[in-house]
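By convention here, the first residue in the shown sequence is residue 1.
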Amino acid sequence: MKHKIYPILLHFTLLGLSLSALLSCTNRKEEVVVVATQHPNPYNITVPQFFPTQMNIPADNPLTVEGIKLGRYLFYDGRLSGRTESDSLMSCSTCHLQSNSFECGVNNFDNGHPFGLSGIPTQHSMLPLINLVWNNSGYTWNGAVYNGNPTTNNRTLEDIVLIVIQLPSEINGSAQKTVETIASIPIYPPMFEAAFGSPEVNIDRICKAIAQFIRTLISSNSKFDKYMRGEVQLSTQELNGLVLFTTEQGADCFHCHGGGGNVLFTTNLFYNNAKDSVFNDVGDRFHVTFNTQDIGAYRAPTLRNIAYTAPYMHDGRFKTLDEVVNFYSEGLVASPYTSTFMHKIPNGGAHLSPQQKSDLIAFLHSLSDEDFINNASFSKPADLP
Ligand code: HEC
Ligand code: HEC
């Protein structure tokens with residue numbers, strides 16, 4: 001996604017206002033009624049064992065059962081595009097498929113390189129929508145959307161929804177068209193009432209509901225998780241792969257992708273992982289921080305469910321995990337911007353044996369969570385057209 005400066009979002013006007021401030025604010029009468037009468041049911045995330053407790057949930061958008069349900073419907077409803085003709089429908093689920101850990105997969109679009117309703121390709125390959133409630137350092141490949149962003153209003157998952165609706169390479173629509181279309185569909189006003197206390201459909205509520213749904217997309221039941229909880233044993237090959245992954249003498253992956261103590265399998269931080277010596281992507285981390293250390297740097301994505309999310313890297317240059325592992329084994333390209341965590345740079349890679357490569361890949365497969373990609377609460381509601 002390209003990140004542009006958008007006008008102050010409507011919902012920030014409510015941010016930080018206390019209930020008493022709302023009550024004294026005459027042009028917010030409707031919202032006052034909302035606060036006084038609505039009773040959506042709070043939804044508490046049960047933090048899986050070993051997962052961090054610090055979550056990224058804005059104070060003005062607590063999770064509720066009704067909000068999450070509404071968000072799920074909107075996430076899957078092609079009319080979110082503000083259009084109703086069958087050839088111009090697009091929703092989040094057009095690209096973010098549950099079967100691919102909410103990426104589009106290498107067999108869809110142009111070999112996993114999606115494009116929007118305008119036909120314009122997205123700037124980067126996809127990112128999965130999993131465990132984002134634990135990302136406190138910045139969304140998207142370059143982290144341009146982060147809490148406390150002083151220069152733009154791109155801060156939260158809520159903001160991403162609005163960006164996506166407008167972005168030519170994604171939904172290519174407008175907030176107004178989306179609101180009008182969603183409001184005209186009979187199932188929605190009662191769902192907005194249940195979630196937010198009045199049937200009013202507005203863009204703030206649409207963004208909030210979808211963001212709530214995304215925060216519930218939690219993957220924590222891979223074979224590796226079951227092993228950590230003492231429920232199953234990993235195979236010898238998977239265990240060998242785990243050791244390679246988490247040791248500097250081995251493949252040395254853990255500094256950036258976690259593992260061991262960091263069960264998110266990402267630090268959510270940004271690194272140049274030595275793929276290139278020439279850099280010309282205006283969507284890299286450098287174009288967010290303007291710190292030369294960030295040239296050619298991107299967020300290290302989670303390696304959970306990595307077997308479902310080819311193609312790999314921000315530009316989707318690798319189609320298989322074999323290609324990725326061959327790259328880290330013997331394909332590293334040094335540059336002045338290479339992360340200091342790429343310890344194998346002097347040798348051009350970790351030089352793994354064929355056996356070690358297949359061990360490492362077997363371990364990466366143990367991070368696949370079939371329950372997640374089949375979880376009925378994350379799937380398309382049966383009564384949506
Ligand atoms: C045309 C395909 C497409 C559609 C439609 C789409 N996305 Fe995405 N999404 C992407 C791509 C590509 C990225 C990676 C963008 C980047 O970082 O450059 C992405 C990234 C994201 C991220 C950031 C994830 C992270 O780890 O930081 C979120 C959140 C997201 N999308 C939510 C949504 C929502 C919500 C919708 C629907 C309103 C949506 N997307 C619709 C393609 C799409
Ligand atoms: C210096 C930090 C660092 C180290 C060490 C590192 N990676 Fe990465 N990894 C990254 C970054 C950053 C990306 C994304 C780069 C990009 O998109 O251009 C990435 C991307 C990947 C991807 C593709 C993810 C996706 O969703 O597209 C895989 C798979 C991967 N790394 C596996 C590994 C393995 C296996 C090792 C150990 C052999 C390893 N990484 C070592 C930082 C690192």
Side-chain angles (χ1 to χ4, degrees), residues 43 45-52 68-69 71-72 75-76 91-109 112 114 125-135 213-242 244-246 253 257-260 262-266 268 300-312 316 318-325 357-382 384:
Y43 177 94
I45 289 179
T46 313
V47 177
Q49 205 178 353
F50 310 117
F51 275 59
I68 294 162
K69 178 180 174 191
R72 177 176 162 220
F75 184 93
Y76 280 101
S91 70
C92 315
S93 65
T94 308
C95 298
H96 294 280
L97 308 178
Q98 183 179 10
S99 55
N100 295 81
S101 197
F102 291 100
E103 287 203 18
C104 70
V106 71
N107 297 322
N108 289 310
F109 288 98
S125 67
M126 304 253 349
L127 281 166
L129 304 182
I130 68 167
N131 298 343
L132 289 181
V133 75
W134 287 287
N135 181 352
F213 173 64
I214 293 176
R215 291 191 178 99
T216 67
L217 301 176
I218 292 173
S219 178
S220 64
N221 210 24
S222 63
K223 186 175 181 189
F224 175 80
D225 293 296
K226 293 175 190 164
Y227 161 74
M228 289 286 284
R229 298 195 296 257
E231 296 162 14
V232 298
Q233 186 51 273
L234 292 180
S235 70
T236 310
Q237 195 177 24
E238 290 161 344
L239 282 171
N240 290 341
L242 169 61
L244 286 168
F245 190 90
T246 49
C253 314
H257 292 290
N262 173 350
V263 296
L264 296 175
F265 282 90
T266 173
N268 279 317
T302 180
L303 298 187
R304 282 182 172 274
N305 291 341
I306 194 71
Y308 303 135
T309 62
Y312 302 110
F318 300 129
K319 301 255 176 309
T320 62
L321 286 176
D322 286 305
E323 287 177 36
V324 173
V325 168
K357 288 181 183 176
S358 45
D359 292 353
L360 188 56
I361 289 172
F363 167 68
L364 292 175
H365 278 268
S366 81
L367 300 175
S368 294
D369 180 354
E370 274 186 46
D371 290 349
F372 177 80
I373 63 164
N374 293 307
N375 188 332
S377 18
F378 304 154
S379 64
K380 181 171 179 172
L384 264 187

For [X] against [Y], the heavy-atom pair lying closest together:
X	Y	answer
F51	S219	CZ-O, 3.6 Å
K319	A310	O-CB, 3.4 Å
P311	G105	CD-C, 4.5 Å
R72	S377	CD-O, 3.3 Å

Would a 4.5 Å heavy-atom cut-off, applied to side chains only, mark [X] and [Y] as touching?
X	Y	result
Q98	Y308	no
F265	I306	no
S91	H96	no
T320	E323	yes
F109	C95	yes
L321	H365	yes

How many angstroms lie between [atom1] in [X] and [atom2] in [Y], if you round to the nearest 0.5 Å?
X	Y	atom1	atom2	value
I373	N100	CD1	CG	8.0 Å
T216	L132	OG1	CG	11.0 Å
T309	L97	OG1	CG	12.0 Å
L244	L239	CG	CG	11.0 Å
N135	R215	CG	CZ	11.0 Å
S220	I218	OG	CD1	7.0 Å

Note to self: Is the ring pair F372/F378 parallel, tilted or perpendicular, if the boundaries are 30 and 60 degrees?
What the structure shows: tilted
Next item on the list: For the pair F75 and F102, name the ring-plane relationship: parallel under 30°, tilted 30 to 60°, perpendicular over 60°.
Entry: perpendicular
Check: Where do N268 and W134 land on the side-chain contact (heavy atoms from CB on, under 4.5 Å) test, with the steps shown first?
Finding: CA-CA 9 Å; N268 279 317; W134 287 287; 5.6 Å; no
Notebook entry, point to check: For D225, what residues pass the salt bridge (Lys or Arg N to Asp or Glu O under 4.0 Å) criterion, not counting sequence neighbours?
Noted result: R304
Next item on the list: Kindly write out the residues that satisfy salt bridge (Lys or Arg N to Asp or Glu O under 4.0 Å) with K223, not counting sequence neighbours, or none if the list is empty.
Entry: E238
Checklist line | Working for side-chain contact (heavy atoms from CB on, under 4.5 Å), residues N131 and T302 | finding: CA-CA 9 Å; N131 298 343; T302 180; 5.6 Å; no
Note to self: With a 6.0 Å cut-off (strictly less than), is the heavy-atom count around CD of E370, excluding the residue itself, greater than 12?
What the structure shows: no
Notebook entry, point to check: Hey, is the main chain of T266 close enough, under 3.5 Å, to the side chain of N262 for a donor-acceptor pair?
Noted result: yes
Margin query: Among S222, S368, S101, which residue satisfies the side-chain hydrogen bond (donor to acceptor under 3.5 Å, both in side chains) criterion with N305?
Written below: S101
